[in-house]
Amino acid sequence: MKTRIPTTRRRFLSAAARAAGAGAAVSLLPAPFVLAQPAKVKVGILLPYTGTYASLGHNITDAMIMAIDEAGGTLGGRPVEYVKVDSEADPAKAANNTNKLISGEKVDFLTGPVHSGVAMAMVKIAREEGTITIVSNAGADAVTRQMCAANIFRTSFSNWQTCFPMGPEMMKRGHKKTVSITWNYAAGHEMIGAFKEGYAKAGGQVMKEILIPFPNIEFQAHLTEIASLKPDAVFTFFSGGGAVKFMKDYDASGLKKSIPLFGAGFLTDGTLEAAGAAGEGIVTTLHYAESLDNPANKRFSAAFKAKTKRPADVFAVQGYDTGQLLLHAMKAVKGDVAAKKEIMAAMRGAKLDSPRGPLTFSKSQNPVQDIYLRQVKNGDNAVIGVAAKALADPGRGCGLA
Ligand code: BEZ
């Protein structure tokens, strides 16, 4: 699926109306004066709009466009054309979809994706082509480690960042033996791996790692196995539609009463309305919570709700900050997309007033951010602590200075 969204349509229509109204006067002007409009900036968006991650793709897209619309709908004074491609969260289609945007559409900027496997293919091509790319969700560690490059930025997180701080928190609660359960692909492996690293350092033991093919949501047999293993707790990464199903099945199986459920915060972000009572009490770590009490978040979450009729979540925040980063860099070069070195320098040095809290970038161009400890209370992710302050990904294997 490829869709064009002329966000500046209203401006163009009113400009056209003004031109039509000016009638005879306009026709006396030489053609270049009549037609001169700054060229559009093309922003390519590779996100899932179908499948288990569809809601994530929609929130990232809507919030990114909202940020740019709030600033007048232009980037560095130039109108914007968004070119959307449905990634279907399918790594097998990622190279083709990326080429459609970079070589076919010749986008000035590339944004997305959600799925770590899609990100690996997308970033590989973007590095080779030199397209300035902002990863607006996928946490694949390699993107800002061994695959890092001057033209690759991330406004979201590394998979390591979101889960490493959880181990000590679970040990503080006396949960010494855990079973992990996740999807069998890069994000699942890396999140569980990061959790295990922090947990082992704090003295915890992962008894069993259960891996389920992505995007499978048949959990019953695995829940039966967890019951027989009798761990102190369960740690998980699921997101989108799969997260809702997992929380509901975990609750319905009766396990939630005896074995507390922990996870990367994607489990309970954007999913709580659908999960209902099944979400209550779950403890997670993440770089955002809708309940965060800061002015940027209050303003953002109200505006997002007003625009979309949906509650804000971490995915919307990442989209919004992608819009903010584009605005910041394009303002610095006054809309000159050819000034790539200056655009990248502006992005590297950006200090964004993000709804998640102040946002800066590490040398590997990944966010440096607080990781919040959250617990679901009355249908909200309540912030119950800060699991890690200003956490940077180690950026191992990235040579950017
Ligand atoms: C990932 O594949 O990197 C991912 C997908 C959904 C939520 C978080 C991470």
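These numbers come from the heavy atoms of this one structure, side chains and all, not from hydrogens, waters or symmetry mates. Source: prediction; values computed, not measured. Read the numbers this way: they start at 1 and go in the same order the structure lists the ligands and their atoms.
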**Q** Just checking K340: does its NZ atom have more than 12 heavy atoms from other residues, nucleotides or ligands closer to it than 6.0 angstrom?
**A**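 Yes, because the 6.0 Å sphere around NZ of K340 holds more than 12 heavy atoms from other groups.
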**Q** Which heavy atom of the protein is the closest neighbour of atom 3 (O) of ligand 1, given with residue, atom name and distance?
**A**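 The answer is S116 OG, 2.6 Å.
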**Q** Ligand 1 and G139, any nitrogen or oxygen pair closer than 3.5 angstrom?
**A**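 Yes - when backbone and side-chain N and O of G139 are compared with those of ligand 1, one distance drops under 3.5 Å.
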**Q** For G76, is there any backbone N or O sitting under 3.5 Å from a side-chain donor or acceptor partner on T74?
**A**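 No, T74 side chain to G76 backbone: no donor-acceptor pair under 3.5 Å.
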**Q** At less than 4.0 angstrom from any non-hydrogen atom of H115, what atoms of ligand 1 do you find?
**A**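 Close to H115: 2 (O).
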**Q** Relative to the heavy atoms of A187, which atoms of ligand 1 are at a distance of less than 4.0 Å?
**A**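 Under 4.0 Å from A187, ligand 1 has these atoms: 1 (C), 2 (O), 3 (O).
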**Q** Looking at F157, which atoms of ligand 1 are within less than 4.0 Å of one of its heavy atoms?
**A**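 So the atoms of ligand 1 that pass are 8 (C), 9 (C).
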**Q** Taking heavy atoms and a distance under 4.0 Å, where does Q318 meet ligand 1: side chain, backbone, both or neither?
**A**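 Within the 4.0 Å criterion, Q318 makes no contact with ligand 1.
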**Q** Would you mind telling me if ligand 1 is within reach of the side chain of F238, the backbone, both or neither, using heavy atoms under 4.0 Å?
**A**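 Neither part.
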**Q** Check each atom of ligand 1 against the heavy atoms of S239 and keep those under 4.0 Å away; list them by number with element.
**A**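 In order of numbering, the contacting atoms are 6 (C), 7 (C).
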**Q** Verify, without hydrogens or angle tests, whether T111 (side chain) and G44 (backbone) share a donor-acceptor contact under 3.5 angstrom.
**A**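 A pair under 3.5 Å: yes.
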**Q** Would you sort out whether F219 and F238 count as a ring-ring contact (aromatic ring centres under 6.0 Å, His included), showing the intermediate values?
**A** CA-CA 12 Å; F219 301 119; F238 290 109; 5.0 Å; yes
**Q** Of the protein's non-hydrogen atoms, which lies at the shortest distance from atom 1 (C) of ligand 1, and what is that distance?
**A**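 Nearest neighbour among protein heavy atoms for atom 1 (C) of ligand 1, to 0.1 Å: V114 O, 3.2 Å.
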**Q** May I ask you to identify the nearest protein heavy atom to atom 2 (O) of ligand 1, giving residue, atom name and distance to one decimal place in Å?
**A**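 Checked against all protein heavy atoms, atom 2 (O) of ligand 1 sits closest to Y185 OH, 2.5 Å.
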**Q** Is N137 near ligand 1, meaning one of its heavy atoms is under 4.0 Å from it?
**A**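 Yes, N137 has heavy atoms under 4.0 Å from ligand 1.
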**Q** Give me the ring orientation class for F214 and W183: parallel if the planes are under 30° apart, tilted from 30 to 60°, perpendicular past 60°.
**A**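 Aromatic pair F214/W183 classed perpendicular.
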**Q** Go through ligand 1 atom by atom and flag the ones less than 4.0 Å from a non-hydrogen atom of A138.
**A**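 Result: 3 (O).
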**Q** Checking ring-ring contact (aromatic ring centres under 6.0 Å, His included) against F157, which of Y372, F266, Y288 comes through?
**A**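 Result for ring-ring contact (aromatic ring centres under 6.0 Å, His included) with F157: F266.
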**Q** Considering the options N137, T322, D321, N366, which one meets the side chain to side chain donor-acceptor pair (under 3.5 Å) requirement together with T155?
**A**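 Testing T155 for a side chain to side chain donor-acceptor pair (under 3.5 Å) against N137, T322, D321, N366 leaves exactly one candidate, T322.
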**Q** Is it true that, when you exclude K124 itself, more than 12 heavy atoms of the residues, nucleotides or ligands shown sit nearer than 6.0 Å to its NZ?
**A**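 Open: at most 12 neighbouring heavy atoms sit under 6.0 Å from NZ of K124.
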